[in-house]
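Below: one structure, written as structure tokens.
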2 protein chains.
Amino acid sequence: MSKRDDLAEQATDHALEHGLIGLSLRPLAAALGTSDRMLLYHFGTKDDLVATLLRVSNDRSVAAVRALTPARDVRRAVRDLWRAMNTESLQRCQRMYVEAAALGLFGREPYATVVREANEVWIGAVADHLVASGVRRSRAVRATALLDAAYTGLMLDLPLDEGVPQQRQTVRDLVDAVAAVAQGSA
Amino acid sequence: MSKRDDLAEQATDHALEHGLIGLSLRPLAAALGTSDRMLLYHFGTKDDLVATLLRVSNDRSVAAVRALTPARDVRRAVRDLWRAMNTESLQRCQRMYVEAAALGLFGREPYATVVREANEVWIGAVADHLVASGVRRSRAVRATALLDAAYTGLMLDLPLDEGVPQQRQTVRDLVDAVAAVAQGSA
DNA sequence: GGACGAGTGTAGCGGGTGCTACATTTGTAG
DNA sequence: CTACAAATGTAGCACCCGCTACACTCGTCC
């Protein structure tokens, strides 16, 4: 693995832990045992570094979803997705994605562009999982849109109240809703 | 209206237009025709200023929802909410809320605290609208949780693709899902 | 008129930012 | 051994940040 790739992985870990928004080169470099000088040397620009981080993080998320075994029906598929997404590591990736999306909300680059790409890939992976679990493609796309929107919203509210435990009922309702869309009962 | 309140309103307008994340005192003050010195004089601290902005913005959102006429059934209630939320002004408020929530994702103050407060009030207003439209309280709370999560997620994805038009199908599915929860058919 | 407090302008402090210039080390190929 | 390119350290530039010290102008009350 090239030095650059190694730094990218380490930097991604650091960003996943400390957040993307306040990220700055000197503290990051210090945490990785290198210097801002070297980060710029390898990545050219802070924006390029950040874009790389986001892609690495997204690749991890997508890999985790694609590694799921297809389920016997939609409900199980959605529940499996939910369980995977609540993994410590995947939750961090999603959290950083949310940060990036917020940074891109007003069109700021490179966030807007990278988030657009990442979202497309991610949506594709989730939809594929539903398809592999027996959902018709067109239905799967619709179901994924709903599922992803709700999941992202829940992620954003996570630090509020008691977080996950209190969301259980919402998740049950969400599973029902996604299943309804996927099965075309509506 | 006190000078301070006036500045708070103007500053809120500015933040709603230019985003919360890059906000800094000098450009903000210049845009309002004053100086950073005066902002600090009136608000004490940038954090206090930001907290005030967020409260003003949230108050506007909540007022807009509370001004809605109760609907004849859940579906109409949800569609009215969706239409209200897609008002230019309300969308901006929601967008800034999302920024604040992202800033608070890692516990950063004052964002985390203010977002928690704002969310509570906002959820209450939406739930009340559902109740006023004939939904049982306990059902309304569940339906609101789902509705709010999905709506926030959609907001975050808005800058992607073509935005609202492409979300129409998702919104239809969401209306069905919320109605299902509210009517207790599940 | 004189004291006083609210409001405001000017200047600047200390520190962080992304990034760069320059010199140096290190590894490798001829 | 030499030559050259990749990798790295040191120092610093120009700029932005939140915030503050100090002086000054007012309007108001005694």
Side-chain angles (χ1 to χ4, degrees), chain A residues 1-12 14-15 17-56 96 99-100 102-104 106-115, chain B residues 1-12 14-15 17-56 96 99-100 102-104 106-115:
Chain A
M1 173 148 50
S2 77
K3 186 78 186 170
R4 186 194 139 109
D5 292 348
D6 188 41
L7 280 176
E9 293 290 331
Q10 284 184 252
T12 303
H14 185 271
E17 188 147 357
H18 297 86
L20 187 66
I21 287 185
L23 190 69
S24 63
L25 294 181
R26 267 177 269 244
L28 171 63
L32 306 195
T34 179
S35 66
D36 57 332
R37 174 67 183 71
M38 287 320 294
L39 292 178
L40 272 319
Y41 174 75
H42 284 293
F43 297 93
T45 281
K46 187 199 173 184
D47 281 355
D48 290 353
L49 209 207
V50 168
T52 304
L53 293 198
L54 289 171
R55 291 199 189 95
V56 169
M96 191 161 88
E99 280 191 292
L103 280 161
F106 286 78
R108 194 170 336 199
E109 293 300 348
Y111 306 101
T113 299
V114 177
V115 164
Chain B
M1 173 144 55
S2 78
K3 186 79 186 172
R4 187 194 138 108
D5 292 348
D6 187 41
L7 280 177
E9 293 290 331
Q10 283 184 253
T12 303
H14 184 270
E17 188 147 356
H18 297 85
L20 187 66
I21 287 184
L23 189 68
S24 62
L25 293 182
R26 268 176 268 243
L28 170 63
L32 305 195
T34 178
S35 66
D36 58 331
R37 173 68 183 70
M38 286 321 294
L39 291 178
L40 273 316
Y41 175 75
H42 284 293
F43 297 93
T45 281
K46 188 199 174 185
D47 281 354
D48 289 354
L49 209 207
V50 168
T52 303
L53 294 198
L54 289 171
R55 292 198 188 96
V56 170
M96 191 162 87
E99 281 191 290
L103 280 161
F106 286 79
R108 194 170 336 199
E109 294 298 349
Y111 306 100
T113 299
V114 177
V115 164

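Numbers restart at 1 for each chain; the letters A, B, ... are given by sequence-line order, proteins then strands. Heavy-atom basis, side chains included; hydrogens, waters and symmetry copies ignored.
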Exercise. Please confirm whether any donor atom in the side chain of A/Arg26 sits under 3.5 Å from an acceptor in the base of C/dG16, or the reverse.
Key: no
Practice problem: Starting at atom CG of A/Asp6, determine the distance to atom P of D/dT8, rounded to an integer number of angstrom. | Solution: 11 Å
Quiz item: When the distance from NZ of B/Lys46 to P of D/dC17 is rounded to whole Å, what number comes out?
Solution: 9 Å
Quiz item: For the pair made of CG in A/Asp47 and P in C/dT17, what is the distance, rounded to whole Å?
Solution: 15 Å
Quiz item: Hey, are the side chains of B/Arg4 and B/Thr52 touching, using non-hydrogen atoms and a 4.5 Å cut-off?
Solution: yes
Quiz item: Can you find a heavy atom in the side chain of A/Thr34 that is under 4.5 Å from one in the side chain of A/Gln10?
Solution: no
Quiz item: Do B/Lys46 and B/Leu25 come within less than 4.5 Å of each other through their side chains, counting heavy atoms only?
Solution: yes
Quiz item: Base, sugar-phosphate, or nothing: which does A/Ser35 touch, judged by heavy atoms less than 4.0 Å apart?
Solution: sugar-phosphate
Exercise. Would you mind telling me which residue lines up with the more 5' stretch of DNA chain C, A/Ser24 or B/Met38, judged by nearest nucleotide?
Key: B/Met38
Self-check item: Atom-pair distance (CZ on B/Arg37; P on D/dA23), nearest Å
Solution: 14 Å
Quiz prompt | B/Leu39 CG - D/dC17 C1' separation (whole Å) | solution = 14 Å
Exercise. Test for a donor-acceptor pair under 3.5 Å between the base of C/dC19 and the side chain of A/Asp36, counting only N and O atoms.
Key: yes
Quiz item: In whole angstrom, what separates A/Arg4's CZ from D/dT8's P?
Solution: 14 Å
Practice problem: Write down the distance between OH (B/Tyr41) and C1' (D/dC24), rounded to a whole number of angstrom. | Solution: 14 Å
Quiz item: Do any side-chain nitrogens or oxygens of A/His42 fall under 4.0 Å of OP1 or OP2 in D/dA7?
Solution: no
